[in-house]
Number of protein chains: 2
Amino acid sequence: MRLSKTSEYALRILSFMINSDVEIFSANYLIKTLNVPDKYLRRLMTNLSKKGFVKSVQGRDGGYTFAKNADSIYLSDIIDAVEGIDKYRGCILGFSSCSDDNPCALHNKYASIRDQLITFLSTTTISELKSNEALKF
Amino acid sequence: MRLSKTSEYALRILSFMINSDVEIFSANYLIKTLNVPDKYLRRLMTNLSKKGFVKSVQGRDGGYTFAKNADSIYLSDIIDAVEGIDKYRGCILGFSSCSDDNPCALHNKYASIRDQLITFLSTTTISELKSNEALKF
DNA sequence: TTTAAATGCTACACGCAAGTGGTATTTAAT
DNA sequence: ATTAAATACCACTTGCGTGTAGCATTTAAA
Ligand code: SF4
Ligand code: SF4
């Protein structure tokens, strides 16, 4: 929070894919279903493909599938791939020089929440996004 | 996290002010001390002044002071004033339609962290930024 | 009253994320 | 072979947060 729109899109797409039993997903299908802009989604998927998260199949009847098991893909992997995750590790005041040893009055409370977020993102996998409820995409 | 740079600047400035016993702060002084761009800081302070957080004194020997007691100014007030805080209340996937009642698999874990952040920001005041350690601005 | 030191205002420039357009390439069905 | 349906690529545009420039206004001191 606040993730970039690109990260949102990526997580939304992969979350949808893991919750569907379709075998291969065409860009057009994803675009219409998930309200992600046409060319933007294509570029994003090509990127995720190059990074090894999804596999793209060209030509007629082509589309995208997972390139590896979804329980080996962490949310932080995706975020890091599409926007970089380091900015979420930083200081809430934008400082880079100070440390845990010499914290300002904000640091302890803030760092705790920040660390929870990082831990959440880097321990939750795409397959954990599988829901037993009806999805509302 | 990630706050906008403008919010960072605002918090940094007010944090510096509450930790200093100077009575009035000129823009030039803040600019040099806090590494915030010249005109950008002035515009920001004028904005904070219009919103009632600081009071500006024009003319020679002018500058900025707190317009009200710093323990009545919450971090969320500042953030809301300069960039809007609603975006931090949203979904990590960018959805707006679903509720706590019908959550996706992410929601509970994520909402907990998000709520902690919101609570932290809306219960911590500027005066709590007062530090007994040497500051490193 | 002139000057200097301060804030206020407005318009413009820059950088990057987000979004668009057009064309090339791949592949299966006919 | 031709066609249709799909991805890949590249350049461009748009929107917005950030930063800059210049001038106007206010006020205290000399
Ligand atoms: S000590 Fe304060 S200023 Fe330094 S990183 Fe922590 S929150 Fe930021
Ligand atoms: S239920 Fe899931 S998609 Fe809906 S707001 Fe919560 S995290 Fe976002």
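Side chains are part of it too, since the values below use all heavy atoms of this structure and drop only hydrogens, waters and symmetry mates. Here is the naming used below: chain letters follow the sequence lines, and residue numbers restart at 1 for every chain.
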Between A:F66 and A:I18, the two heavy atoms sitting closest are CE1-N, 4.0 Å
Where do A:L34 and A:I13 come nearest, in terms of heavy atoms and distance?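 Result for this residue pair: CD1-CA, 3.7 Å.
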Rounded distance in Å - [atom1] ([X]) to [atom2] ([N]):
X	N	atom1	atom2	answer
B:I24	D:dT27	CD1	P	12 Å
A:I31	D:dA6	CD1	P	11 Å
A:N28	D:dA8	CG	P	13 Å

Without swapping roles, check the side chain of A:S112 against the backbone of A:N108 for a donor-acceptor pair under 3.5 Å.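 No, because the side chain of A:S112 does not come within donor-acceptor range (under 3.5 Å) of the backbone of A:N108.
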Atom NZ of residue position A:K68 - does it have more than 12 heavy atoms of other residues, nucleotides or ligands inside 6.0 Å?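 Enclosed: over 12 neighbouring heavy atoms sit under 6.0 Å from NZ of A:K68.
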Below 4.0 Å: OP1/OP2 of C:dG8 and any side-chain N or O of B:Y64: yes
Sugar-phosphate or base contact per nucleotide [nucleotides 10-24 of chain C; S, B, -; heavy atom under 4.0 Å]: -B------BBBBB--
With sequence neighbours excluded, tell me which residues meet salt bridge (Lys or Arg N to Asp or Glu O under 4.0 Å) with A:K5.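 Result, salt bridge (Lys or Arg N to Asp or Glu O under 4.0 Å) vs A:K5: none returned.
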Could you note down all residue pairs passing salt bridge (charged side-chain N to carboxylate O under 4.0 Å, His left out) where residues 41-53 of chain B supplies at least one of them, sequence neighbours left out? B:D38-B:R42
Salt bridge (charged side-chain N to carboxylate O under 4.0 Å, His left out) pairs, two or more places apart, involving residues 69-94 of chain A: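 For residues 69-94 of chain A: A:E83-A:K87, A:D86-A:R89.
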Listed in order of residue number, which residues of residues 44-62 of chain B have a non-hydrogen atom at under 4.0 Å from DNA chain C? B:T46, B:K50, B:S56, B:V57, B:Q58, B:G59, B:R60, B:G62
Tell me every residue that passes side chain to side chain donor-acceptor pair (under 3.5 Å) with A:Y29, counting only those two or more places apart in sequence or in another chain. none
